[in-house]
Amino acid sequence: MSKKQKKEYQPKQGKFKKSWREESPVKAKKHLGQHFLKDETIAQQIGEALQLQGYRNVIEIGPGTGVLTKYLLQKDIDLVAMDLDQESIEYLNQSFPLEHNELMHRKGTFKVLEADFLKYDLKELFGEEQFAISGNFPYNISTQIVFKMLEYKEQIPEFSGMFQKEVAQRICEKEGSKSYGILSVLVQAFYDAEYLFTVGPEVFNPPPKVESGVLRLTRKADQNIGCDEKLFKTVVKAAFNQRRKTLRNSLKTMNLSDILKEDVIFGQRPEQLSVSDFIALTQKIENDTV
């Protein structure tokens with residue numbers, strides 16, 4: 001098919017008659033890493049990824065044009081849409097409620113907040129209450145979003161959304177893979193990670209240069225990993241910061257005893273260790289006497 005004959009991408013329709021439109025008043029900004037999702041069906045699938053068990057508070061990060069927002073608002077939740085883009089904030093506060101008036105008369109609440117998620121004290125929103133996070137996350141800060149989520153893991157039973165595909169895969173990856181790393185271990189120590197589906201660049205405006213992936217994280221019932229969490233993070237990061245070396249070499253700065261370093265686990269490379277292996281390793285280091 002020639003370029004002249006090639007048909008333009010047509011966004012797929014979800015439940016809403018008023019779908020994403022090219023002339024949206026919110027324009028994607030490169031410095032914010034914005035790529036607005038325009039496929040209604042995918043937005044609906046992301047919205048439905050949250051299982052809503054044991055909580056009713058949800059934060060949507062980077063709502064943009066509100067394509068995902070309206071599917072989240074169909075649920076019996078209290079939603080906070082958080083964005084740094086003033087155009088998006090103005091649209092969600094002014095035009096969006098008029099376009100989707102029926103959603104504004106539901107049981108749950110809807111708040112639009114102009115704020116930087118990475119710098120915001122989330123306890124100001126919900127206190128000690130449980131809350132979930134969803135969104136089509138800006139790819140330039142998506143890893144940082146996950147690390148901040150882990151800081152609040154006691155309050156976040158569920159997390160779902162869109163990432164750059166390789167980042168989503170890395171979070172969900174198991175040991176033995178080259179993409180298995182710090183994110184994989186730290187997330188999976190506390191959450192069950194599911195890679196849900198892949199999304200092509202053509203469903204965004206503007207289209208990114210990479211594929212995207214949608215995942216869901218569900219917090220494990222037992223948050224006690226059986227070792228000091230701070231030391232656990234230190235061990236994992238130190239190991240993967242020199243991932244080509246064996247643990248005996250990558251952890252040499254931790255001043256471990258010669259007896260401990262003779263343990264067979266120290267002859268392995270970090271990608272060979274499962275999450276439970278890293279926990280066991282941390283326990284051994286905790287009990288080590290030089």
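What's counted below: heavy atoms across the whole structure, side chains too, no hydrogens, waters or symmetry copies.
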Take Phe131 and Phe159, measure what ring pair (Phe, Tyr, Trp, His ring centres under 6.0 Å) needs, and give me the verdict at the end.
CA-CA 9 Å; Phe131 62 92; Phe159 177 103; over 10 Å; no

Is the closest side-chain heavy-atom distance between [X] and [Y] below 4.5 Å?
X: Leu72; Y: Leu50; answer: yes
X: Glu271; Y: Arg243; answer: yes
X: Gln74; Y: Lys70; answer: no
X: Gln45; Y: Ile42; answer: yes
X: Arg269; Y: Lys245; answer: no
X: Gln283; Y: Phe232; answer: no
X: Glu128; Y: Lys123; answer: yes
X: Thr143; Y: Val167; answer: yes

With distance as the sole criterion, is a donor-acceptor pair present between the side chains of [X] and [Y] under 3.5 Å?
X: Ser179; Y: Glu173; value: yes
X: Thr218; Y: Asp192; value: no
X: Glu158; Y: Tyr55; value: yes
X: Gln44; Y: Glu48; value: yes
X: Glu60; Y: Thr69; value: yes

Return yes if some donor-acceptor pair links the side-chain N/O of [X] with the main-chain N/O of [Y] below 3.5 Å, else return no.
X: Tyr191; Y: Pro157; value: no
X: His35; Y: Asn205; value: no
X: Asp263; Y: Phe266; value: no
X: Arg106; Y: Lys75; value: yes
X: Gln155; Y: Gly127; value: yes
X: Glu114; Y: Met82; value: no
X: Ser88; Y: Gly64; value: yes
X: Asp83; Y: Ile89; value: no
X: Ser184; Y: Arg170; value: yes
X: Asp277; Y: Ser274; value: yes

Does the Lys NZ or Arg CZ of [X] fall within the cation-pi geometry relative to [Y] - under 6.0 Å from the ring centre and within 45° of the axis?
X: Lys148; Y: Phe117; answer: yes
X: Lys153; Y: Phe190; answer: yes
X: Lys237; Y: Phe147; answer: yes

Of all the heavy-atom pairs spanning Ser160 and Phe137, show the shortest one and how long it is.
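That would be O-CZ, 3.6 Å.
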
Using every non-hydrogen atom in the two residues, find where Ile59 and Leu79 come nearest and quote the distance to one decimal.
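The answer is C-CD1, 4.5 Å.
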
Less than 4.0 angstrom from a charged side-chain N to a carboxylate O is my criterion; do Lys107 and Asp76 meet it?
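No salt bridge links Lys107 with Asp76.
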
